[in-house]
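For reference, the structure discussed in these notes is given below.
Scope of the values below: all heavy atoms of this structure, side chains included, with no hydrogens, waters or symmetry mates. Computed from a predicted structure; not experimentally measured.
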Amino acid sequence: VPVAPVGTWTGGYAGLSLGGAQASSGGSEETGLIYGLHGGYDYQFGNGIVLGGEAEFQGNDDLSVNGFDVDNVSRAKARMGYDLGPALVYGTAGVSKVNTSIGEATSPVYGLGMEYKVTDRFSVGAEYLNEDFENLGSTETDLQQDSISLRGNFRF
C-alpha cells in the first residue's frame, strides 16, 4: 500500500475543479454544475503555517436565477492554513468578479478548504466559497452564491 508523502507545501500549483453552486436573487434560487481552472503559490513556514495566493476562473452549466444568466466568476484569493502532514486545512478570502447577462459586479469572497497530497506532485481537495454580489451592472439586483468544488492540483 503506497504511503502518502509528507513534505513541504511550498511551491506553485495549477489545477481543475468541478462542483456545484447555489445562487439566489430576488427570492429566486437555482443550483447548477460549476467547473474551473486555478493556479497559485504556497509558502510553508517552519511552524507548519502555510500562506498562499491563488487566481481562479469558474464557469457553469447554464446557471440562471431571477431571470438572468450567471456566466462566470473570476477570483483572486489569499489562503492561510496549517500543515497536517499529507493534509492541508485552510481558510481563504479575497475578491470575486461575476459576469452575468445583466452586468457584472465584485464581492468579497471567503471560504474553507482542505487539500490532501496523493503524491509529491498531485493533490486532491475540496473548497467551500461564499459571495454576495450587490448591484449587478447598473441595476439594483443582488446575487448571493455558495459553492463547493472538488479540486485536483498538479504541484511543481
Same cluster (ILVMFWY, side-chain, under 4.5 Å), [X] and [Y]:
X	Y	value
Val70	Phe133	yes
Tyr90	Tyr128	no
Tyr116	Tyr82	yes
Met114	Ile49	yes
Ile102	Val98	yes

Under the criterion side chain to side chain contact (heavy atoms under 4.5 Å, CB included), I'd like the reasoning laid out for Val89 against Leu84: C-alpha separation, chi angles, the key distance, then a yes or no.
CA-CA 8 Å; Val89 293; Leu84 297 172; 3.9 Å; yes
How far does [atom1] of [X] sit from [atom2] of [Y], to the nearest 0.5 angstrom?
X	Y	atom1	atom2	result
Gln144	Asp132	CD	CG	5.0 Å
Asp146	Thr31	CG	OG1	12.0 Å
Gln44	Thr8	CD	OG1	4.0 Å
Gln58	Leu37	CD	CG	11.0 Å

Those residues at least two apart in sequence (or on a different chain) that pass side-chain contact (heavy atoms from CB on, under 4.5 Å) with Leu33 are Leu18, Asp61
Checking [Y] against [X]: is there a side-chain donor and acceptor pair closer than 3.5 Å?
X	Y	result
Asp69	Ser101	no
Glu54	Tyr41	no
Gln145	Asn130	no
Trp9	Asp83	yes

Passes side chain to side chain contact (heavy atoms under 4.5 Å, CB included), Ser17 versus Glu56? Steps please.
CA-CA 10 Å; Ser17 63; Glu56 178 179 25; 4.3 Å; yes
Any heavy-atom pair between the side chains of [Y] and [X] that's under 4.5 Å?
X	Y	result
Leu88	Arg79	yes
Leu143	Val65	yes
Leu63	Glu30	yes
Arg155	Phe122	no

In chain order, what residues pass the ring-ring contact (aromatic ring centres under 6.0 Å, His included) check against Tyr110, with sequence neighbours excluded?
none
Look at Glu131 together with Arg75 and state whether they make a salt bridge at an N to O cut-off of under 4.0 Å.
yes
Ion pair present between Glu115 and Arg151, side-chain N to carboxylate O less than 4.0 angstrom?
no
Are any side-chain N or O atoms of [X] and backbone N or O atoms of [Y], one a donor and one an acceptor, separated by less than 3.5 Å?
X	Y	value
Asn60	Asp62	yes
Ser149	Glu127	no
Thr92	Ala78	yes
Lys97	Asn72	no
Ser25	Asp142	yes
Ser147	Ala21	no

Closest heavy-atom contact between Ala126 and Leu150?
CB-CD2, 4.1 Å
Heavy-atom pair of closest approach, residues Val73 and Ser96
CG1-CB, 4.1 Å
Let's go through Arg121 and Phe154 carefully: what are the C-alpha distance in whole Å and the side-chain angles of both, what is the deciding distance for side chain to side chain contact (heavy atoms under 4.5 Å, CB included) to 0.1 Å, and is it a yes or a no?
CA-CA 6 Å; Arg121 297 281 184 214; Phe154 175 72; 4.1 Å; yes
Which pairs with one or both residues in residues 43-72 pass ring pair (Phe, Tyr, Trp, His ring centres under 6.0 Å), sequence neighbours excluded?
Tyr43-Phe45
